[in-house]
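When a ligand or atom number is given, it counts from 1 through the structure's own listing order. Keep in mind it's a predicted model, so treat the numbers as computed, not measured.
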Amino acid sequence: MSLDSTTKTEFPIPAGVFAQTVTEVKHYTDRLFKFRITRPASFRFRSGEFVMIGLPNAEKPVYRAYSIASPSWDEEIEFYSIKVPDGPLTEHLQRIREGDTILMRKKPTGTLVNDALLPGKRLWMFSTGTGIAPFASLIRDPETYEKFDEIILTHTCRENGELDYGKELVAALKSDPLVGEMAQNLRHYCTLTREDYPFKGRITDLMASGKVFDDLDLPLISPETDRGMICGSMAMLQDTKAALEGFGLEEGANNKPATFVVERAFVD
Ligand code: A2P
């Protein structure tokens with residue numbers, strides 16, 4: 001009998017990592033899925049951080065950085081993932097089922113945290129594709145609403161089905177007993193670049209033309225009132241950073257809070 005990579009599970013759990021159980025898997029499109037795992041009792045993180053995850057399918061498992069999409073108070077941990085054809089981790093990860101084991105390194109980190117921003121009136125979260133994941137955590141955290149009067153989550157994708165995860169999340173949030181009332185201050189601005197939609201185009205172009213501000217009936221971004229967080233591909237990070245700098249915002253970090261932050265953990 002031959003064993004293929006999906007049935008070969010007899011590898012020891014490496015030292016120093018958590019081995020957690022998958023509790024839910026949901027596929028949104030042929031490229032996107034979310035999954036939830038049990039949370040180790042000792043695991044603490046700040047909403048917006050990422051962690052390294054892998055599968056127990058090799059002597060030396062492949063790990064990749066994944067934003068934690070659930071808030072820090074949640075009793076499970078959620079991730080939102082792309083399926084990369086022939087991707088060393090995601091080609092296996094996309095086939096996980098309830099009851100399977102996920103490896104998670106113990107130390108979370110990241111820059112998309114409330115602590116890395118100076119106080120402000122309005123927080124803009126700019127995301128493309130799976131870059132919405134850290135914001136899925138932050139928009140479910142009461143601290144975000146305590147720190148800012150208004151939250152704008154922008155999500156730009158190629159096609160309609162890729163917006164579903166975020167739309168489902170925001171709809172559930174508005175009726176959530178813990179943050180539902182606070183979340184009335186959240187606005188979700190979705191745009192598509194490769195299919196027809198009421199709002200079309202890259203967020204960078206919509207900022208340059210001023211259309212996003214007209215659509216939301218908001219003033220231009222200003223360092224006095226506005227703060228930004230950015231998560232997407234390398235090109236998107238660079239272009240969005242340039243746009244925010246054009247409005248006079250400055251990049252910050254955990255040890256030097258400023259007016260916007262960028263997460264670079266997911267780009268090669
Ligand atoms: P586009 O369709 O015009 O490339 P990807 O899956 O490649 O990461 O893209 C996700 C979304 O991000 C797409 O809608 C894509 O638009 C958009 N995007 C890609 N590059 C940039 C960029 N440099 N600035 C802003 N948005 C971008």
Any Lys/Arg nitrogen of Glu78 or Arg140 sitting under 4.0 Å from an Asp/Glu carboxylate oxygen of the other?
yes
Using a strict cut-off of less than 4.0 Å between a Lys/Arg side-chain nitrogen and an Asp/Glu carboxylate oxygen, indicate whether Glu168 and Lys26 qualify as a salt bridge.
yes
What part of Arg158, side chain from CB on, backbone N/CA/C/O, both or neither, has a heavy atom under 4.0 Å from ligand 1?
both
Looking at Glu159 and Arg194, is there a salt bridge between them, counting it only when a charged N and a carboxylate O are closer than 4.0 Å?
no
Glu251 to Lys256 - nearest heavy-atom pair and separation:
O-NZ, 4.5 Å
Among Arg39, Arg36, Lys34, which residue meets the salt bridge (Lys or Arg N to Asp or Glu O under 4.0 Å) test with Glu76?
Arg36
For atom 25 (C) of ligand 1, what is the closest protein heavy atom, and at what distance to 0.1 Å?
Thr204 OG1, 3.4 Å
Are any of the side-chain nitrogens in Arg46 or Glu143 under 4.0 Å away from the carboxylate oxygens of its partner?
no
Going by the atom numbers of ligand 1, which of them fall below 4.0 Å from some non-hydrogen atom of Arg194?
1 (P), 2 (O), 4 (O)
If we only consider heavy atoms of Gly232, is any one of them less than 4.0 Å away from an atom in ligand 1?
no
Could you tell me the residue and atom name of the protein heavy atom closest to atom 10 (C) of ligand 1, and the distance to it rounded to 0.1 Å?
Thr128 CB, 4.0 Å
Could an N or O of ligand 1 be found under 3.5 Å from any N or O of Gly129, whether backbone or side chain?
no
Could you tell me, atom by atom, which parts of ligand 1 come under 4.0 Å of a heavy atom of Thr156?
11 (C), 14 (O)
Where the closest heavy atom to atom 22 (C) of ligand 1 is concerned, which of Glu159, Glu162, Arg202 has it?
Arg202
I need the nearest protein heavy-atom contact for atom 8 (O) of ligand 1: residue, atom name and distance, please.
Ser233 CB, 4.1 Å
Keeping Thr191 on the side-chain end and Thr156 on the backbone end, is there a donor-acceptor pair under 3.5 Å?
no
Nitrogen or oxygen of Ala235 less than 3.5 angstrom from that of ligand 1
yes
Transitive ILVMFWY cluster of Ile53, excluding itself - 4.5 Å side-chain cut-off
Phe18, Val22, Val25, Phe33, Phe35, Ile37, Phe43, Phe45, Val51, Leu55, Val62, Tyr66, Ile68, Ile77, Phe79, Leu89, Leu93, Ile96, Ile102, Met104
Could you find the nearest protein heavy atom to atom 23 (N) of ligand 1 and give me its residue, atom name and distance?
Asp239 OD2, 2.8 Å
Could you tell me the residue and atom name of the protein heavy atom closest to atom 15 (C) of ligand 1, and the distance to it rounded to 0.1 Å?
Thr193 OG1, 4.0 Å
